[in-house]
Amino acid sequence: MRRILSSIVLPFIVLTLPPVFAYGSISYEPSGSCADCHVDIYNSWKGSRHAASLVNPLFRKSLDQIRQGEPGSGGKCLFCHEPSATAPEAPLRAEGTVREGVTCDFCHTVYAARISDQFPRFLNRPGTKRGPLEGAKSTHHEAAYWPLIQDAKLCAGCHELNNPHNVGILTTGSEWRESIYRDEGVQCQNCHFLKPYREVTLLRKKLAADEPPDHGVCGGHVPMFLEEAFRMSGYIVALDDRACVELEIYNDMGGHKLPTGMPTHRMILKTRLFDERGFILGEREVTFARVLADETGAPLDSPEDMFLRATRVLSDNRFAPKEKRKISIAFPLEKERERMFATVSLSYELPSKTNIPATETIGFKNIIIPHNIWQFTTGRLLALFIIIIAALTIYVAFRRAKLM
């Protein structure tokens with residue numbers, strides 16, 4: 001009797017399972033299983049912040065604080081920091097994927113994503129590996145082309161988040177949607193997945209089969225990436241009692257506001273003025289950041305406070321995509337200076353991953369502004385004005401004499 005039931009029931013079960021179960025693997029596989037064929041991609045992913053998203057000490061500290069401050073709320077964090085453990089298919093997870101963070105198999109089995117406050121935001125079918133190449137084939141697993149893998153929507157599923165007070169904590173996705181890059185079809189992946197094996201910086205073109213993208217996912221923690229994004233120039237205007245360093249800063253290639261990500265990320269502009277002998281005459285700093293505040297208006301500086309207590313955006317002076325901004329930095333002078341020069345630097349500041357609560361400062365842009373023709377004193381300006389008036393007077397007198 002059991003044999004008869006088995007012969008009837010088992011085929012029925014097999015036929016009613018989702019198609020993915022016919023593909024062999026029906027679980028999230030550990031990323032190490034990908035390394036046999038995709039060694040370069042695996043190695044770049046292994047050193048990435050995606051791979052460390054769950055074990056990052058700063059995240060663990062914030063997660064513990066959030067769980068203490070609002071029991072039960074920490075689960076939302078894991079939807080992005082260890083997605084294969086929180087997805088509906090979590091029971092299918094292989095043991096080797098535990099604590100792997102944003103793992104290979106999770107992203108490459110996504111078939112739909114949504115940007116909303118609803119969790120989970122991703123729908124997956126473990127088994128078939130979905131990628132950016134049409135007609136891809138593999139001897140180790142089923143492969144399928146899926147455009148979503150090259151769509152910014154896939155990234156925004158994690159890089160866009162409001163807290164319970166409906167204040168945007170992560171706003172990178174919406175910053176990109178409000179930029180010109182969305183209309184131009186430039187996705188997150190076109191910039192943040194660099195190509196290995198040749199000298200490149202920011203490439204805005206489709207992923208190529210012969211150049212697999214680097215899965216290190218470069219961002220604000222990579223000096224080269226920041227340096228390429230910004231353009232900066234300036235000159236000095238010197239008057240009797242002060243000097244002004246006039247700067248133009250251009251977010252040329254950032255597809256979102258800079259800095260972006262957590263509001264704990266800041267950008268620091270440091271300007272120093274020197275005399276002709278190299279002695280410093282003054283130093284100024286300007287900070288660019290999005291500052292969140294609690295209901296009393298007090299600024300918040302820790303990730304856990306931002307998630308639990310932020311009720312408003314206190315200020316936001318970050319650089320929007322393609323924004324050119326003029327900034328004037330004034331220095332008082334005790335006496336007139338014949339020659340001066342300035343050094344200007346931009347650095348990116350973010351919380352340290354290991355030395356909590358210290359910060360990590362990444363310098364990425366430095367220029368020197370020398371003495372030039374724009375450095376006039378008041379006396380020189382007055383003398384130049386008198387010379388111009390005298391020249392015009394002589395010219396007018398000459399013309400009248402010639403006409404007579």
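This structure is a prediction, so every number in the text was calculated from the model and none was measured.
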Considering all heavy atoms, the nearest [X]-[Y] contact:
X    : Y    : answer
L292 : G168 : CD1-O, 4.3 Å
P351 : L58  : CB-CD2, 3.4 Å
D252 : K322 : O-NZ, 2.7 Å

[X] side chain vs [Y] backbone, donor-acceptor pair below 3.5 Å:
X    : Y    : answer
R266 : A289 : no
S44  : H215 : yes
N251 : E323 : no
D275 : I280 : no
T171 : S174 : no
N190 : Q187 : yes
S31  : C104 : yes

Distance (rounded to the nearest 0.5 Å) between [X] [atom1] and [Y] [atom2]:
X    : Y    : atom1 : atom2 : result
T343 : I369 : OG1   : CD1   : 9.0 Å
C155 : Q189 : SG    : CD    : 4.0 Å
T393 : I386 : OG1   : CD1   : 11.5 Å
L54  : F59  : CG    : CZ    : 6.0 Å

Check salt bridge (Lys or Arg N to Asp or Glu O under 4.0 Å) between [X] and all other residues, then give those that pass, not counting sequence neighbours.
X    : result
E248 : K326
K324 : none
D301 : none
K365 : E227

| Pairs touching residues 278-314 that satisfy ring-ring contact (aromatic ring centres under 6.0 Å, His included), sequence neighbours left out | F288-F319
| said: According to ring-ring contact (aromatic ring centres under 6.0 Å, His included), does anything in residues 142-174 pair up with another residue at least two apart or in another chain? List the pairs. | reply: none
Just distance, no hydrogens or angles: give the donor-acceptor pairs under 3.5 Å from side chains in residues 64-71, sequence neighbours left out.
none

| query | ring pair (Phe, Tyr, Trp, His ring centres under 6.0 Å) with H50: which residues, sequence neighbours excluded? | reply | none
| Residues which pass side-chain contact (heavy atoms from CB on, under 4.5 Å) with T260, listed by chain and number, not counting sequence neighbours | T172, E175, H256, R318
| request: Could you tell me which residues satisfy side-chain contact (heavy atoms from CB on, under 4.5 Å) with I394, sequence neighbours excluded, listed by chain and number? | output: none
| remark: Applied to residues 282-299, the salt bridge (Lys or Arg N to Asp or Glu O under 4.0 Å) test, sequence neighbours excluded, yields K270-E285, R272-E283, D294-R309
| Do any pairs count as a salt bridge (Lys or Arg N to Asp or Glu O under 4.0 Å) and have a residue in residues 160-174, sequence neighbours left out, and if so which ones? | none
| said: Tell me whether the rings of F274 and F341 are parallel (<30°), tilted (30 to 60°) or perpendicular (>60°). | reply: parallel
| query | When the ring planes of H192 and F225 are compared, do they come out parallel, tilted or perpendicular, using 30° and 60° as the limits? | reply | tilted
| field | Cation over ring face, R231 and Y250, 6.0 Å, 45° | value | no
| Check ion pair E178-K257 (N to O, under 4.0 angstrom) | no
